[in-house]
Amino acid sequence: MANQWGQKAEELEITNKVAGLGLKKPHDQTSDDTPDTVNPAETSLLMKIIRQGLVESKLDIEVQRKDPNSPLYSVKTFEALHLKPNLLKGVYAMGFNAPSKIQETALPTLLADPPQNMIAQSQSGTGKTAAFVLAMLSRVDSSKNYPQVLCLSPTYELAIQTGEVAAKMAKFCPEIKLKYAVRGEEVPRGTKITDHIIIGTPGKMLDWGVKFGMFDLSKIKVFVLDEADVMIDRQGHQDQCIRIHKCLPQTCQMMFFSATYGSAVMEFAEIIVPNPIIIRLLREEESLDNIKQYYVKCQSPEEKYRAICNIYGVITIGQAIIFCHTRKTASWLSEKMSKDGHSVAVLSGELTVEQRIAVLDRFRAGLEKVLITTNVLSRGIDVEQVTLVVNFDMPMDMDKKADCETYLHRIGRTGRFGKAGLAINLIDSPQAMQICSDIEAHFGKKIRLLDIEDAEEIEKIGA
Ligand SMILES: Nc1ncnc2c1ncn2[C@@H]1O[C@H](COP(=O)(O)OP(=O)(O)OP(=O)(O)O)[C@@H](O)[C@H]1O
């Protein structure tokens, strides 16, 4: 069954997977000259798909324990977890040799008896999904034909992604049955679901479990809330989760995973997960060290464009990312640059996730030297070859004030990509100047004025 299930996941083209994610399509309602916005579910899916393996972290795990009676330990091998042999085989077949940093600490707790509740936070790509999927699979008693494990995901596509991991890991455990509770999956009324694991979105899960009684929520042993930060971003999801949660037995093991650790997420976590062990993988923060920052005074978009051309005319640039506020500016700029012979790619909100992946893949491969984008890409791309970042428009929040966090994500680099970089801010209004000064004050790092007509000076900054 697991194989069949995996097959189903494979049959679903990315196009299908992303349909209904609320993606803005070419004819969506958003006008081209309003600021392009980020959709967390979309970003999360994009990152999962473009990821090229585990994101290793040099930083430490922080553990907050709420249960002093249960010892906490970590493992360095998967053998040390005493998994069912076929499950271990599945883990190795996925190419996992040793647990990732978050898995080292999370897995012994997730698999412990008596079960312990956990809230875990670590950045995308550090191995959370693999950790809880392994825990889900190992808790199943396949001799009992009813649902024992529920996993809630914020969207159809993210549920399918988790399902794919489960199907792969359970490759050698065909006795474990899994089911998707997502849109498009229909179960006739009156049916009793016999699968062991259900992965789905909160609305469908609530319908099947609470409204139609297709399975007995009081028999659930493991409840997983994945991508909790994305989940609470969606209206109504939080309530649905809480309604499902209320029907679960006290003994049910609660697992809560999130890539971020904001107060809204943590408040939600505290409602869902009693007496948790909280683990966090400290994040490798971006910093502005090693980045030379400049601003250029311009009178108009044309002048901004000329500034970019002057820089290109003088210094050798590896790859560059240019950030614009709206799609309209992004496409205007890309047309101009293409006409002038630059190889340019554009990534903005009207593209489907599939199209975005294609654009990013080409850029990473170096097929285009310049990537023009909007806020849809403030985070989540680490391209080592990028040496120049241009703020064609300064990042600002809804109140049109300096958005320092976005600035840091656009310009900053983590230790892994710690090579020197160049950031140029194009300033064409007093408001933009104010934002630039506020950013400078916020980070306490000088942003110098650059005279774009002075080739010698430009040459110096490229050195
Ligand atoms: N122990 C491991 N060894 C090698 N690769 C691993 C290991 N654990 C996970 N991976 C791989 O690393 C990538 C990231 O893992 P995973 O999807 O579990 O991360 P995540 O933290 O859940 O990310 P997200 O927050 O985006 O869901 C995947 O390609 C996964 O197959």
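Below, each value reflects all heavy atoms present in this structure, side chains not excepted, and no hydrogens, waters or symmetry copies.
With sequence neighbours excluded, the residues that form a side chain to side chain contact (heavy atoms under 4.5 Å, CB included) with Pro188 are Thr191. Partners of Asp226 by side chain to side chain donor-acceptor pair (under 3.5 Å), not counting sequence neighbours: none found. Residues satisfying the side chain to side chain donor-acceptor pair (under 3.5 Å) criterion with Asp438, sequence neighbours excluded, are Gln434. Val359 meets the side chain to side chain contact (heavy atoms under 4.5 Å, CB included) test with Ala345, Leu347, Leu351, Leu371; sequence neighbours excluded. Residues satisfying the side chain to side chain donor-acceptor pair (under 3.5 Å) criterion with Lys144, sequence neighbours excluded, are Asp141. A search for side chain to side chain contact (heavy atoms under 4.5 Å, CB included) contacts involving Lys400 returns Met396, Gln431, not counting sequence neighbours. In this structure Ser74 satisfies the side chain to side chain donor-acceptor pair (under 3.5 Å) test with no other residue, sequence neighbours excluded. Residues satisfying the side chain to side chain contact (heavy atoms under 4.5 Å, CB included) test with Ala112, not counting sequence neighbours, are Gln116.
The backbone N or O of Ser218 lies less than 3.5 Å from a partner atom in the side chain of Asp216, making a donor-acceptor pair. Side-chain atoms of Lys192 come within 3.5 Å of backbone N or O of Gly213 as a donor-acceptor pair. Remark: side-chain polar atoms of His237 are not paired, donor with acceptor, to backbone N or O of Ile232 under 3.5 angstrom. Put simply, the side chain of Gln103 gets close to the backbone of Ser100: a donor and an acceptor are under 3.5 Å apart. One N or O on the side chain of Gln319 and one on the backbone of Glu368 form a donor-acceptor pair closer than 3.5 Å.
Between Asn117 and Met255 there is no side-chain heavy-atom pair separated by less than 4.5 Å. Between Val63 and Ile277 there is a side-chain heavy-atom pair separated by less than 4.5 Å. Side-chain contact between Thr373 and Cys324: absent, with no pair of heavy atoms (C-beta onward) separated by less than 4.5 Å. Annotation: side chain of Thr374 is not in contact with side chain of Thr326 (no heavy-atom distance under 4.5 Å).
A donor-acceptor contact under 3.5 angstrom links the side chains of Arg139 and Gln253, judged on distance only. For the residue pair Tyr407/Asn425, the side-chain donor-acceptor check at 3.5 Å is satisfied.
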| Can Ile244 and Leu152 be said to form a side-chain contact (heavy atoms from CB on, under 4.5 Å), step by step? | CA-CA 10 Å; Ile244 295 168; Leu152 293 187; 4.0 Å; yes
| field | Intermediate values then yes/no, side-chain contact (heavy atoms from CB on, under 4.5 Å), Asn391 and Tyr295 | value | CA-CA 9 Å; Asn391 281 319; Tyr295 72 94; over 6 Å; no
Expected list for residues 127-137: side-chain donor-acceptor pairs under 3.5 angstrom, two or more places apart:
unit_1: Lys128; atom_1: NZ; unit_2: Ser122; atom_2: O; d: 2.7
unit_1: Lys128; atom_1: NZ; unit_2: Gln123; atom_2: O; d: 3.2

Distance-only check: which donor-acceptor pairs under 3.5 Å involve side-chain atoms of residues 201-211, not counting sequence neighbours?
unit_1: Lys204; atom_1: NZ; unit_2: Glu185; atom_2: O; d: 3.0

Could you list the donor-acceptor pairs under 3.5 angstrom formed by side chains in residues 84-97, with sequence neighbours left out?
unit_1: Lys84; atom_1: NZ; unit_2: Val140; atom_2: O; d: 3.2
unit_1: Asn86; atom_1: ND2; unit_2: Phe172; atom_2: O; d: 3.1
unit_1: Tyr92; atom_1: OH; unit_2: Glu79; atom_2: OE1; d: 2.8
unit_1: Tyr92; atom_1: OH; unit_2: Glu79; atom_2: OE2; d: 2.8

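Here Phe268 and Phe256 bring their ring centres to under 6.0 angstrom of each other.
Salt bridge annotation for Glu104-Lys76: present, with a cationic side-chain nitrogen under 4.0 angstrom from a carboxylate oxygen. Of the charged side-chain nitrogens involved, none lies within less than 4.0 Å of a carboxylate oxygen, so that Asp361 and Arg356 do not count as a salt-bridged pair.
Listed by first then second residue, pairs satisfying side chain to side chain donor-acceptor pair (under 3.5 Å) with a partner in residues 241-251 number zero, not counting sequence neighbours.
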